[in-house]
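Working notes for the structure below.
Not measured: the values here are computed from a predicted model.
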Amino acid sequence: MQLRRRHLVLPLALFFLAAALTVARAHNITRLLAKHPEFSTFNHYLTETHLAAEINSRTTVTVMAIDNAAMSRLLASHPAIATLKNILSLHVLLDYFGPKKLHQITNGTALAATLFQATGSAPGSTGFVNITDLKGGKVGFAPKDNNGHLDTYFVKGLEEIPYNISVIQISNALPSDAAAAPTPGPSEMNLTRLMLAHGCKVFADTLEANADAMKTYEDNLEGGLTTFCPLDDPFKQFLPKYKNLSAPGKVSFLEFFAVPMYLSMAMLKSNNGLMNTLATDGESKYDFTVQNEGEVVTLKTRVNTVKITGTLLDEQPLAIYSIDKVLMPKELFKAAAPTPAPAPAPEKAADSPKSSKGKSSKGKPALASADSPADSPADSPEGDVADQTADSNGSVRFGSARFGFLVLSLWFGVHFLL
């Protein structure tokens, strides 16, 4: 009995370890901070600025939270929501710094990248934070553009999932001119100028030349807008097809590349499914599917699939992403017929006995006629054999996996009961 129990120890240990690691990888900053009411304002604005979703999408992160009193001081200047997002994103380190690690920094100082730097909103390297282990057990924090002045200090640890997420309290908001700089309002943003500066000039010029589509984009900017612009080379190749569309078709086609809401990359990755577009109108669906495929986010219609290749702008209420190809709506284009795979060349088995089956009277292999029906019993048997072999290989792989799982299940069951 004891021997059997020993046999169970390692498999069960591995099972519970895997389960624990799976749980550890998931974190929710909003729920973690909800345990601490004195940080409710900070928690509220993480959600309001959509930073909470960005934080939850990271596997290793440190959140430097400030309490309600410090948030009141920060909000006293009435920063715009986009500016506040930049300020708070400076308080998210893209590395793990628990209380213990903060007091064991190699050489007493470290430079950490922040979410402000990662989003591309930070000018130069202003999105980095210096962390310094001071004498007397203090730890100071200073943005790189603060000339090394340490005005903010570590207070205490709040929540911690080792090497996954650390939530700590710091004394004040980090002072940074770059993060606090006013950001242009939606009405001041020039969509096409932003696109043409980042490799989407052809699409931007085409959009700007269509007054109806351009007006639809501008009218939706205040309430939130996410745009996907094809890069120049693929859109240049597509232009002849675009020019063949009717006038209403051109408007719908251009409006199809925008979603009437703000979506950060983290939101795109977590909101898989159908997306309506500016072109969606009643029975004219003009929608596409967003799918997170690990490191890549794809957009799909029944006609084709494209990949998001870069972030041109991510400042609420506007996000602009580049895509590698022209996404085509099913309402305007048809999917290309799949190209049939070429038939494999017949192979002659070495040193194998020759069979007279399937041979012509002259001893040459018989070929199926191009006019013969596909399901005719007179088709060459060699094609059937090839199909059966492929099916057999697939079933062997599947069968062996099922068999292994069955054996493992029985092994667990028998040993557990005994």
Side-chain angles (χ1 to χ4, degrees), residues 49-59 82 85 89 94 115-122 189 191-207 213 217 220-221 224-239 242 252-280 285-330 332-333 335:
T49 58
H50 300 286
L51 284 172
E54 297 280 356
I55 292 167
N56 293 340
S57 70
R58 301 277 172 171
T59 55
K85 179 178 181 178
S89 65
L94 304 184
L115 200 54
F116 183 43
Q117 185 72 28
T119 59
S121 301
M189 293 180 178
L191 269 172
T192 52
R193 188 179 301 167
L194 290 166
M195 291 178 188
L196 64 85
H198 295 86
C200 295
K201 183 180 185 304
V202 183
F203 179 80
D205 289 344
T206 306
L207 176 60
Y217 273 72
N220 283 272
L221 191 52
L225 188 70
T226 301
T227 303
F228 305 92
C229 60
L231 293 170
D232 283 342
D233 286 344
F235 201 78
K236 281 179 185 176
Q237 297 173 11
F238 184 82
L239 275 177
Y242 170 77
S252 296
F253 173 76
L254 293 171
E255 292 176 351
F256 174 69
F257 288 87
V259 175
M261 64 183 296
Y262 166 77
L263 293 167
S264 67
M265 180 56 71
M267 295 167 73
L268 281 171
K269 288 183 176 180
S270 61
N271 288 284
N272 290 350
L274 281 176
M275 288 282 176
N276 288 334
T277 67
L278 294 181
T280 302
K285 293 185 177 180
Y286 283 98
D287 53 22
F288 57 78
T289 300
V290 177
Q291 187 167 337
N292 180 8
E293 299 182 357
E295 295 298 318
V296 177
V297 176
T298 60
L299 313 179
K300 298 183 178 183
T301 67
R302 292 181 183 176
V303 183
N304 68 336
T305 300
V306 304
K307 296 178 183 178
I308 295 178
T309 57
T311 302
L312 308 190
L313 181 74
D314 183 5
E315 292 182 9
Q316 192 178 5
L318 176 62
I320 305 176
Y321 303 100
S322 59
I323 52 179
D324 66 339
K325 290 182 289 188
V326 178
L327 187 65
M328 292 186 280
K330 62 183 182 298
L332 296 175
F333 303 96

Problem set entry | Where S322 and C200 come nearest, the two heavy atoms and their spacing | CB-SG, 4.3 Å

For this session: Could you tell me whether the side chain of Y321 and the main chain of M265 form a donor-acceptor pair under 3.5 Å?
Result: yes

Exercise. Can you tell me how far the OG atom of S89 sits from the CG atom of L94, to the nearest 0.5 Å?
Worked result: 9.5 Å

Exercise. Under 3.5 Å, side chain of N304 to main-chain N/O of M328, donor-acceptor pair present?
Worked result: yes

For this session: Of all the heavy-atom pairs spanning M275 and D287, show the shortest one and how long it is.
Result: O-CB, 3.1 Å

Exercise. Is the centre of the F228 ring less than 6.0 Å from the centre of the F257 ring?
Worked result: no

Exercise. Atom CG of L318 and atom CG of L191: how far apart are they, to the nearest 0.5 Å?
Worked result: 5.5 Å

For this session: To the nearest 0.5 angstrom, please state how far the CZ atom of F288 sits from the OG1 atom of T301.
Result: 10.0 Å

Problem set entry | Chi angles and distances behind the salt bridge (Lys or Arg N to Asp or Glu O under 4.0 Å) call for E293, K300 | CA-CA 12 Å; E293 299 182 357; K300 298 183 178 183; 3.3 Å; yes

For this session: State whether the number of non-hydrogen atoms from other residues, nucleotides or ligands found under 6.0 Å of K201 atom NZ is greater than 12.
Result: no

Exercise. Should T309 and I323 count as side-chain neighbours, where that means a heavy-atom distance under 4.5 Å?
Worked result: no

Seminar exercise, completed: Rounding to 0.5 Å, atoms CD1 (I308) and CG (D324) come to a distance of 10.0 Å

Exercise. Taking atom CG of D205 and atom CE of M195, what is their separation to the nearest 0.5 Å?
Worked result: 11.0 Å

For this session: Check the pair F238, F203 against ring-ring contact (aromatic ring centres under 6.0 Å, His included), reporting the backbone distance first and the verdict last.
Result: CA-CA 10 Å; F238 184 82; F203 179 80; over 10 Å; no

Exercise. Name the one of V297, N292, T289 that satisfies side-chain contact (heavy atoms from CB on, under 4.5 Å) with N272?
Worked result: N292

Exercise. Counting N and O atoms only, with roles assigned by atom type, does the side chain of T277 sit under 3.5 Å from a partner on the main chain of V259, one being a donor and the other an acceptor?
Worked result: no

Problem set entry | Flag for T305-T298: side-chain donor and acceptor within less than 3.5 Å | no

Exercise. Does L254 offer a backbone N or O that forms a donor-acceptor pair with the side chain of Y217 under 3.5 Å?
Worked result: yes

For this session: Supply the atom-to-atom distance C229 SG to L196 CG, rounded to the nearest 0.5 angstrom.
Result: 10.0 Å

Exercise. Looking only at atom types and distance, does a side-chain atom of N220 sit under 3.5 Å from a main-chain N or O of P260, one as donor and one as acceptor?
Worked result: no

Exercise. Does one side chain, of Y286 or N276, offer a donor that lies under 3.5 Å from an acceptor on the other?
Worked result: no

For this session: Could you pull out the closest heavy-atom pair between V303 and K330, with the gap in Å?
Result: CG2-CA, 3.7 Å

Problem set entry | Check against salt bridge (Lys or Arg N to Asp or Glu O under 4.0 Å), D314 and K85 | CA-CA 11 Å; D314 183 5; K85 179 178 181 178; 3.7 Å; yes

